[in-house]
Amino acid sequence: MVSNLAGGRPSRHGVEPGTQLGALEAYAAQAHGYLGAGGERLSRLAGLLRPAVLESWLRSVRGGIDPMDVVDGRGLRGADLQRYRDAHPIAALMPLIDKLLVEDAARTGLIVVVADQFGRVLSVHGDTERVSAAAEIGLRAGDDLSERRIGTNAVGMVVRTGRAAWIHGPEHFLHRMHQLTGAAAPVHDPDGRLVGVLMIAGGVRVARPEILALVKAAATAAEMDLLLTAMRADRHAPAGNVRDRAESAPDRGRLGLDVLGLGQPQLSIAGKRVPLSQRHAEILLLLTEHPEGLGADHLALLLDDTDLDNGTIRAAMSRLRTVVGPEVFGSRPYRLRVPVATDIDFLRAALDSGDVDAALRLYAGPVLPRSSAPGIVDLRDELRVRLRTSVLDSRDPAALRRWTSTAEGRDDAAAWVAYRSSVDRDSPLFAQIEAKIRVLDRRLGADATQMQRFGS
């Protein structure tokens with residue numbers, strides 16, 4: 001039945017899109033042979049795959065993806081999926097997507113996949129028989145198509161790179177997807193943030209350049225629809241008095257703050273990214289965590305529990321206003337006048353929904369890791385403990401693998417023990433994990449199993 005994804009009998013490679021596609025298939029098949037052999041053979045992958053595909057394969061290898069992985073049934077389903085799909089920004093775009101892609105897909109034997117910004121499939125559209133065939137290979141509503149979950153595929157590459165991509169047949173990392181060709185493009189909101197992915201999928205016909213151009217055009221139309229909706233909302237907002245208009249000047253909902261990981265903190269203002277100093281990022285983040293506002297004394301204590309005076313706070317706020325604009329803040333107490341969406345918000349939302357995979361993808365690292373401000377340290381510890389607990393409770397080998405590969409999880413004895421219990425004892429991976437636990441036992445002078453028992 002999987003062959004039905006091709007939309008009929010597959011085209012011969014001598015016909016459009018040409019013999020070049022046949023060579024691509026042959027090289028990719030050879031690459032899979034080297035992949036199966038492993039070891040030094042992996043060095044031979046270069047030259048057999050397109051550069052972007054090669055990079056994705058290598059990431060998949062490092063992530064421990066098994067090319068022979070089978071459909072496991074995991075994913076968002078039923079009422080949970082329906083609620084998530086209805087609340088997602090892509091939902092408002094579905095009439096447009098139906099008109100531009102879905103209606104034609106059913107007639108031409110192709111399918112249309114709509115995914116969220118993390119690669120989770122929101123819906124699959126097309127002929128009933130081919131939608132069922134796609135489900136057999138793990139392409140169904142609620143499934144996770146991220147690169148870290150299933151390796152190289154078109155949706156996963158768009159999520160990873162933010163750029164349109166097409167993946168043909170054996171270029172897919174998983175063998176079960178070798179009957180599929182996918183052409184995918186990103187959909188961004190007016191601030192430039194990825195909100196979803198559109199993909200046309202089917203047989204060899206999808207490798208034609210015009211199919212990728214079609215899905216890119218549909219994604220661009222969706223982005224324009226989001227922009228027009230935002231402009232209409234701004235135009236019909238109550239005018240208010242002069243002070244109200246001044247306070248709403250920086251485009252409500254268009255400020256974003258990135259504070260996770262080792263990179264320099266960034267503020268997004270109407271799609272433009274502005275680097276922030278450590279102190280300015282600390283202040284902004286503390287104000288987002290305290291929407292009721294913070295007095296100068298309270299803010300000073302959260303920033304430094306020693307001798308930070310009110311004058312220093314006022315000077316810091318004055319400098320921050322020159323960066324983000326005077327209308328962003330109120331005073332007495334200091335508070336935000338406009339919403340600021342942080343990457344911490346998205347991480348918490350993933351944890352609240354129980355989506356450990358998404359939470360790990362969003363967790364670029366500790367909150368402002370160079371900060372020693374008491375309020376930031378508390379927030380950093382809270383998120384780390386919450387994420388770690390979710391990973392350990394999940395007993396998911398993929399999640400545990402990712403956590404133990406981070407700087408914070410690398411020496412997490414309890415996580416390594418949980419990881420060991422989640423893999424087959426006959427797997428070579430089991431011996432590697434066992435060796436790591438022994439190293440931790442020697443280093444810590446304690447039994448890692450006992451540490452797990454007492455929640456260390």
Side-chain angles (χ1 to χ4, degrees), residues 191-193 250-251 253-351 359-388 406-411:
D191 296 335
R193 290 188 293 262
D251 291 335
R254 297 194 183 183
L255 295 185
L257 180 63
D258 294 334
V259 293
L260 292 173
L262 290 171
Q264 184 173 10
Q266 301 269 340
L267 181 69
S268 299
I269 304 177
K272 296 180 180 179
R273 297 179 70 81
V274 179
L276 293 176
S277 69
Q278 179 85 2
R279 179 62 83 198
H280 287 169
E282 290 169 346
I283 292 173
L284 267 176
L285 181 55
L286 289 171
L287 291 177
T288 65
E289 292 290 306
H290 296 270
E292 73 283 2
L294 292 168
D297 291 338
H298 192 180
L299 182 56
L301 285 173
L302 292 174
L303 289 169
D304 189 334
D305 56 6
T306 55
D307 56 358
L308 201 62
D309 58 39
N310 289 357
T312 303
I313 292 294
R314 285 193 296 271
M317 292 297 297
S318 178
R319 288 191 294 270
L320 182 53
R321 283 189 173 100
T322 65
V323 175
V324 301
E327 66 280 347
V328 171
F329 300 108
S331 55
R332 298 182 182 177
Y334 293 118
R335 65 191 185 282
L336 291 169
R337 288 174 170 164
V338 298
V340 177
T342 71
D343 47 2
I344 292 175
D345 294 334
F346 294 110
L347 173 59
R348 282 178 173 147
L351 291 170
L360 284 166
R361 288 199 300 272
L362 290 165
Y363 190 67
V367 178
L368 296 175
R370 299 182 182 89
S371 174
S372 58
I376 301 300
V377 171
D378 288 346
L379 178 58
R380 183 191 305 147
D381 290 344
E382 173 223 321
L383 286 172
R384 179 187 60 81
V385 170
R386 194 175 168 201
L387 176 61
R388 176 182 181 271
T406 66
E408 293 167 289
R410 194 173 298 132
D411 294 332

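All of these numbers come straight from a predicted model, not from anything done at the bench.
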Residues passing the salt bridge (charged side-chain N to carboxylate O under 4.0 Å, His left out) test with E289, sequence neighbours excluded, are R348

- prompt: Do R279 and L303 pass the side-chain contact (heavy atoms from CB on, under 4.5 Å) test, and can you show the C-alpha distance, the side-chain angles, and the key distance before you say yes or no?
  reply: CA-CA 8 Å; R279 179 62 83 198; L303 289 169; 3.4 Å; yes

Value for CD (Q266) from CG (L257), rounded to nearest 0.5 Å, stands at 9.5 Å

Is there side-chain contact between I344 and T288, with heavy atoms separated by less than 4.5 Å?
no

- prompt: Does some side-chain heavy atom of L267 sit less than 4.5 Å from a side-chain heavy atom of H280?
  reply: no

Those residues at least two apart in sequence (or on a different chain) that pass side chain to side chain contact (heavy atoms under 4.5 Å, CB included) with T406 are W403, E408

Tightest non-hydrogen contact, residues F346 and L362, listed as O-CD1, 3.4 Å

Nearest heavy-atom contact between L336 and L284 is CD2-CD2, 4.0 Å

Here the pair of heavy atoms bringing A350 nearest to A359 is CB-N, 3.7 Å

Tightest non-hydrogen contact, residues A281 and P265, listed as CB-CB, 3.5 Å

- request: Return yes if some donor-acceptor pair links the side-chain N/O of R335 with the main-chain N/O of G330 below 3.5 Å, else return no.
  value: no

Compile the donor-acceptor pairs under 3.5 Å between side chains in residues 371-379 and protein atoms, sequence neighbours left out, one pair per line.
residue: S371; atom: OG; partner: E282; partner atom: OE2; Å: 2.6
residue: S371; atom: OG; partner: A373; partner atom: N; Å: 3.2

Any heavy-atom pair between the side chains of V340 and D345 that's under 4.5 Å? no

Taken to the nearest 0.5 Å, the spacing of Y334 OH from L286 CG works out to 14.0 Å

All heavy atoms of V259 vs all of L285, minimum pair found to be CG2-CD2, 4.0 Å

Heavy atoms of I283 and M317 approach each other most closely as CG2-SD, 3.5 Å

Check whether any side-chain heavy atom of D258 lies under 4.5 Å from a side-chain heavy atom of T342, and answer yes or no.
-> no

